Amino acid sequence: MIQEYIAVELCEQLFGGIKEATFRRNKEYYLGELEKEHNVRFGKRGRHITYILDPKEQTEQQKADTEFFEILGCDIGGKNIELMKFILKSIIEQKIVPVQDEIALQANRLGLWGTDSRGTVKNYMAFLKDNGIIVEPMEIPIWIENPIINRDGKEIWIKRKCDPDTGEILPTFHKRIVKHYYFDCVKNEAGKVIRRERVSDTTARAIEMAFNNLWTEAEQRELLSLYALGYTAMEMKKERSKVQARIIREIGREFGMCDCIRKEEPIINPTIKRQLNDYFNQQDNGAWVQ
DNA sequence: TTTAAGGGTCGTCAAAGGTG
DNA sequence: CACCTTTGACGACCCTTAAA
């Protein structure tokens, strides 16, 4: 859309409120700025000169980037757009392991980034969360009925927590509705991770089945009794994750893996995910046809 | 008595923007 | 031109967390 401004309006609306004098003094510079994205002509309004801005045709790359920003629905500032795309693509395509260290490593390997340090990926993911692009899984409150009967027939009473104001019984825990993925974490002698490999869907299902079998038993044998010992919710959480990690690791060994690890699959806002999917497909096809 | 990954903080650095 | 000030990205370092 062609738009016409006088100097004051340019300063206010396009240059973030600089003084008109500054604009006039560095006119060449500011016109240069305008000409990056517009064909600039001049006109008149009363006694004022006007600046007529006619947006330039964008290059294919610019169009693609604009489309990407529109899908995200926010401005990414001076962040590296290719790295941002790579993070989202990693999550959507499910080929590499989408933990921050690994994303940084792969992005560096592809030359999208000059370092394999995690910091930047962390910042970018925090940005994606802040902007509602990566979202938290839904949680369902669960109340366990007391008492629980252990394998040996003993009753176990889980301590209830109540809301101090309403007296309402708070949920025993919250179940997170989220998919998990599994990967093998291979380390060298020094304990440094040398590669992370995602397992196939089939293997993941097999691990999950094995896990479900072993978990119920381990819970009965190792964990429920801890409630009776007065472990707090926090401590139980810790114990559970330890036992869980151990079982996953053991199963992994059976499958010939070094160190099997289970993580929550990051969730991308479904609407955005659908659009990104189309976008990446289209981009990849375009590059391929060329 | 773990351990991998995620989160917080802060210093550094570079670039941009504005002004004298 | 030269000098602020601001902004924001980056990454080192350290700490917390983990689930049905």
Side-chain angles (χ1 to χ4, degrees), chain A residues 11 14-27 29-30 32-33 36 75-81 83-84 87 97-105 107-108 113-130 134 136-137 139-145 148 158 171-187 191-196 208 211-220 222-224 226-227 231-250 252 258-266:
Chain A
C11 293
L14 298 183
F15 295 130
I18 60 166
K19 290 178 183 168
E20 198 184 340
T22 301
F23 168 72
R24 293 201 187 286
R25 195 152 57 116
N26 303 296
K27 204 163 182 178
Y29 166 78
Y30 286 108
E33 287 298 299
K36 280 181 187 168
D75 180 8
I76 70 168
K79 300 184 193 66
N80 180 314
I81 187 173
L83 183 61
M84 193 66 86
I87 292 171
V97 178
V99 299
Q100 296 174 2
D101 274 318
E102 183 70 13
I103 291 174
L105 202 69
N108 187 35
W113 206 236
T115 163
D116 57 12
S117 152
R118 171 176 76 96
T120 305
V121 174
K122 178 180 66 167
N123 290 336
Y124 281 30
M125 288 183 87
F127 171 86
L128 290 169
K129 281 178 190 169
D130 287 345
I134 293 179
E136 282 296 301
E139 291 193 340
I140 300 177
I142 306 279
W143 288 267
I144 293 180
E145 291 292 321
I148 309 170
I158 293 175
T172 320
F173 63 88
H174 292 269
K175 186 179 167 66
R176 292 162 71 82
I177 308 303
V178 63
K179 245 185 88 176
H180 289 88
Y181 65 91
Y182 300 82
F183 64 96
D184 196 7
C185 194
V186 184
K187 278 161 260 170
K192 187 174 154 46
V193 176
I194 49 175
R195 69 170 194 277
R196 295 179 184 83
E208 228 144 48
F211 175 78
N212 289 336
N213 281 331
L214 296 173
W215 177 250
T216 316
E217 200 198 317
E219 192 174 39
Q220 288 275 322
E222 301 179 45
L223 293 170
L224 287 186
L226 299 182
Y227 279 118
Y231 273 55
T232 65
M234 196 67 179
E235 290 164 334
M236 285 306 295
K237 218 170 190 173
K238 214 171 163 186
E239 290 307 313
R240 279 176 173 278
S241 45
K242 261 198 231 173
V243 174
Q244 188 190 60
R246 194 195 69 223
I247 294 176
I248 298 278
R249 190 169 294 128
E250 280 167 6
C258 299
D259 192 7
C260 182
I261 291 172
R262 178 174 112 129
K263 284 277 155 202
E264 288 184 353
E265 195 90 70

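The model shown is predicted, which means the values in this text are computed figures rather than measured ones.
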**OP:** Check whether any side-chain N or O of A:Tyr182 sits under 3.5 Å from a backbone N or O of A:Ile248 as a donor-acceptor pair, and report yes or no.
**Re:** no
Original post:
What integer distance in Å separates A:Lys238:NZ from B:dT2:P?
Top reply: 9 Å
**OP:** Scan every strand shown for a Watson-Crick or G-U wobble partner of B:dT2, both distances under 3.5 Å, and answer none if you come up empty.
**Re:** none
**OP:** Looking at every strand, decide which applies to A:Phe211 at a 4.0 Å heavy-atom threshold: base, sugar-phosphate, or nothing.
**Re:** nothing
**OP:** Would you verify whether the NZ or CZ of A:Arg262 falls within 45 degrees of the ring axis of A:Phe211 while also being under 6.0 Å from that six-membered ring's centre?
**Re:** yes
Original post:
With a non-hydrogen cut-off below 4.0 angstrom, is A:Arg118 in contact with a base, only sugar-phosphate, or nothing?
Top reply: base
Original post:
Ignoring hydrogens and geometry, is there a side-chain-to-backbone donor-acceptor pair from A:Asp259 to A:Asp184 under 3.5 Å?
Top reply: no
**OP:** Check the pair A:Glu102 / A:Arg195 against side-chain contact (heavy atoms from CB on, under 4.5 Å), numbers first and verdict last.
**Re:** CA-CA 8 Å; A:Glu102 183 70 13; A:Arg195 69 170 194 277; 5.9 Å; no
Sort me out a list of protein N/O and nucleotides 6-9 of chain C N/O pairs below 3.5 Å, or just none if empty.
from  : atom 1 : to      : atom 2 : distance (Å)
C:dA9 : OP1    : A:Lys79 : NZ     : 3.2

Subject >> Integer-rounded Å distance: C:dA18 P and A:Glu239 CD >> reply: 14 Å
**OP:** For C:dA19, give its Watson-Crick or G-U wobble partner with both distances under 3.5 Å, or none.
**Re:** none
**OP:** Using a cut-off of strictly less than 4.0 Å, decide whether A:Lys122 has a side-chain nitrogen or oxygen near OP1 or OP2 of B:dG7.
**Re:** no
Original post:
Quick one: does NZ or CZ of A:Lys79 land under 6.0 Å from the six-membered ring centre of A:Phe127, within 45 degrees of the ring axis?
Top reply: yes
Original post:
Can you tell me the Watson-Crick or wobble partner of C:dC10, both distances under 3.5 angstrom?
Top reply: B:dG11
Original post:
Across all strands, who's sitting opposite C:dT5 as a Watson-Crick or G-U wobble pair, both distances under 3.5 Å?
Top reply: B:dA16
**OP:** From the options C:dA12, C:dA19, B:dA5, select the nucleotide whose nearest atom is closest to the side chain of A:Ser117.
**Re:** C:dA12
Original post:
Could A:Glu219 and A:Arg240 be called an ion pair, given the rule that one side-chain N must be under 4.0 Å from one carboxylate O?
Top reply: yes
Original post:
Does A:Arg262 have a side-chain nitrogen or oxygen under 4.0 Å from the phosphate oxygens OP1 or OP2 of C:dA20?
Top reply: yes
Original post:
Salt bridge between A:Glu136 and A:Arg176, side-chain N to carboxylate O under 4.0 Å?
Top reply: yes
**OP:** Rounded to the nearest angstrom, tell me the gap between atom CZ in A:Arg240 and atom C1' in C:dT17.
**Re:** 16 Å
**OP:** Compare side-chain N and O positions of A:Gln100 against OP1 and OP2 of B:dA4 and report whether any pair is under 4.0 Å apart.
**Re:** no
Original post:
Over how many whole Å does the gap from A:Arg249 atom CZ to B:dT2 atom C1' extend?
Top reply: 8 Å
Original post:
Taking the side chain of A:Lys187 as its heavy atoms from C-beta onward, which of C:dA19, B:dA4, C:dC14 lies nearest to it?
Top reply: B:dA4
Original post:
A:His174 NE2 to C:dA19 P: how many Å, rounded?
Top reply: 14 Å
**OP:** Could you check how far CD of A:Gln244 sits from C1' of C:dA18, rounded to whole Å?
**Re:** 8 Å
Original post:
Between C:dA20, C:dA18, B:dG6, which nucleotide gets closest to the side-chain atoms of A:Lys237?
Top reply: C:dA18
**OP:** Please state whether the phosphate of B:dA5, meaning OP1 or OP2, lies under 4.0 angstrom from any side-chain nitrogen or oxygen of A:Arg196.
**Re:** yes
**OP:** Measure the distance from CD on A:Glu264 to C1' on B:dG7 and round it to the nearest whole Å.
**Re:** 15 Å
Original post:
Is there a side-chain contact between A:Arg196 and A:Val186, using heavy atoms and a 4.5 Å cut-off?
Top reply: no
Subject >> Nearest-angstrom distance from the residue atom CD1 of A:Ile247 to C1' of B:dT2 >> reply: 16 Å
